[in-house]
There are 2 protein chains.
Amino acid sequence: MPAAAIAPTSDSRAKILDVAESLFARRGYAGVGLREVAQGVGLSKSSLFHHFPTKLDLYQEVLARVLERLEERCAPALHSRAPHAERLELLVDALVDGLAEHPTTARLALRSLFEEDEAAPHPARPAPYDATLARLIQGFQRLVSEGVAAGAFRPVSAGHLTQTLIGATVYHFASAELGEEILGAPIFSADQVAERKRQLVALLRSGIVRQPA
Amino acid sequence: MPAAAIAPTSDSRAKILDVAESLFARRGYAGVGLREVAQGVGLSKSSLFHHFPTKLDLYQEVLARVLERLEERCAPALHSRAPHAERLELLVDALVDGLAEHPTTARLALRSLFEEDEAAPHPARPAPYDATLARLIQGFQRLVSEGVAAGAFRPVSAGHLTQTLIGATVYHFASAELGEEILGAPIFSADQVAERKRQLVALLRSGIVRQPA
DNA sequence: GTCTATAGCTAGATAGAC
DNA sequence: GTCTATCTAGCTATAGAC
């Protein structure tokens, strides 16, 4: 493949992001030292600063990448023109698949919600990944609002249902050991991922969707 | 009140726990320094070590206290002998009230799930608060299982519904800024706390509870 | 029970050779 | 682009006076 390596992307950069993603997901921003990241990549600590000016920049790029991955997964469901009930099920499927794909995603996404203080001591920060997150959330909320307005869903609060949806998916795949203990099986196993979809879809069908018959 | 101060509980101890609770909830175990805790209490850093042998001990006592508070709130619902559907609603009410009471609770509980690595570098640790958490979770799961067995609930997976219940409550009250943005109102306001109960109970009634009529 | 002083270590970040 | 060496500042924890 001659034209394969057109955009080398520095190779080290990608490796650093991978290692940092795994570590930040496990121990959070403050819990990870750059020494550990460098060691995991096989570089010296100083070399990291050639690719990312500060630790905070590295963290934010990790988060941005993760959220963009998730958004890509959910986009088809959010832009579908299928009936609202079907769209909601497509979204649940996509969300569950997206979170199950990388075990780091749910933890990083969840942490990002209440680690902003941790990650940025100074109050003035726009946060580069916020836009992606906001787009995703707005997509959820619009789907619910439109469904309610169209009479496809019961007259629920779009905000509260969005929160429930996030909790039921993002929390679930971030719960790791506790979740495994509760389910009695690994939450990331193919069986349990499929079961998660089934249970959530069933709950939403009888709990939210208005039955036409 | 003459017999009021029988158990002084060292007074400083309680203050330290309060300050630490607030800080750990905001920035996590690794994100908080004992210097900051001491400063918040109005003591010197060294004095903390008189009350708690290590930082990890302090963290674990904070967590234990928070989980015990929550368990106390949920106990009546879990030990009730009312019909299963009613018990489930009592539990949602109690859980929401317990989490809304102190804004620190949900964040600390959520963090405790995936900060065990962070809080204890060495793998061998029993974790003193685990028993309380396990009791709570088992209570949730038993309620659901019994309700399904008795035919009061649809034949859902007890584990998955427990996970959904946790996500819908604990995540919600840990979501702070994002949650406020989604709801368009402060999540800890009396209005939104009451609305949270209503929305969850409504979802469970039509989604889980078998209608007898 | 609280303090000052300090030990011992690691953190993020920089300088500058190669 | 990667390295060694180093800076400064922070951390947990201890020693020992009061």
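Each chain gets a letter, A, B and so on, in the order the sequences are listed, and its residues count up from 1.
- B:Arg196 and A:Thr164 share a side-chain donor-acceptor pair at under 3.5 Å.
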Would you sort out whether B:Arg65 and B:Glu68 count as a salt bridge (Lys or Arg N to Asp or Glu O under 4.0 Å), showing the intermediate values?
-> CA-CA 5 Å; B:Arg65 206 177 58 152; B:Glu68 277 157 23; over 6 Å; no
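- When rounded to the nearest whole Å, the span between CZ of B:Arg27 and C1' of D:dC11 equals 14 Å.
- If you measure from atom CG of A:Leu58 to atom C1' of C:dA13, you get 14 Å, rounded to the nearest angstrom.
- Picking from C:dT2, D:dC11, D:dT12 the nucleotide with the shortest atom distance to the side chain of B:Leu43 gives C:dT2.
- In this structure, A:Gln39 places its CD atom 10 Å from P of C:dA11, rounding to the nearest Å.
- Following rounding to the nearest Å, A:Leu48 (CG) and C:dA11 (C1') show an atom-to-atom distance of 13 Å.
- Interatomic distance, A:Phe114 CZ to B:Tyr171 OH, rounded to the nearest 0.5 Å: 10.0 Å.
- If you check the side chains of A:Glu21 and A:Thr104, you find a donor sitting under 3.5 Å from an acceptor.
- Rounded to whole Å, atom C1' of C:dT10 lies 12 Å from atom NZ of A:Lys55.
- At C:dT2, one or more side-chain N or O atoms of B:Ser12 fall inside 4.0 Å of OP1 or OP2 (strictly under the cut-off).
- Residue A:Val32 is in sugar-phosphate contact alone, with no base atom involved, counting any heavy-atom pair closer than 4.0 Å across all strands shown.
- Side-chain contact check for B:Ser175 and A:Gln163: at least one donor-acceptor pair (N or O, by modelled atom type) lies under 3.5 Å.
- Between the CG atom of B:Leu34 and the C1' atom of D:dA13 there is a distance of 9 Å, rounded to whole Å.
- B:Leu56 has its CG atom 14 Å from the C1' atom of D:dA13, to the nearest Å.
- Side-chain proximity of B:Arg35 to D:dT2, D:dC11, D:dT12: nearest is D:dC11.
- Residue-to-nucleotide proximity on DNA chain C shows that, of B:Lys45 and A:Thr54, the 5′-proximal contact is made by B:Lys45.
- Among the nucleotides D:dA13, C:dA11, C:dC3, the one closest to any side-chain atom of B:Phe49 is D:dA13.
- Judged by distance alone, with hydrogens and angles left aside, A:Ser46 brings a side-chain donor or acceptor within reach of the base of C:dT14, the pair sitting under 3.5 Å.
- Spacing between atom NE2 of A:His51 and atom P of C:dT14 amounts to 16 Å, rounded to whole angstrom units.
- Side-chain nitrogen and oxygen atoms of B:His50 include none within less than 4.0 Å of the OP1 or OP2 phosphate oxygen of C:dC3.
- In this structure, the nucleotide among C:dT2, D:dT2, D:dA13 sitting nearest to the side chain of A:Ser47 is D:dT2.
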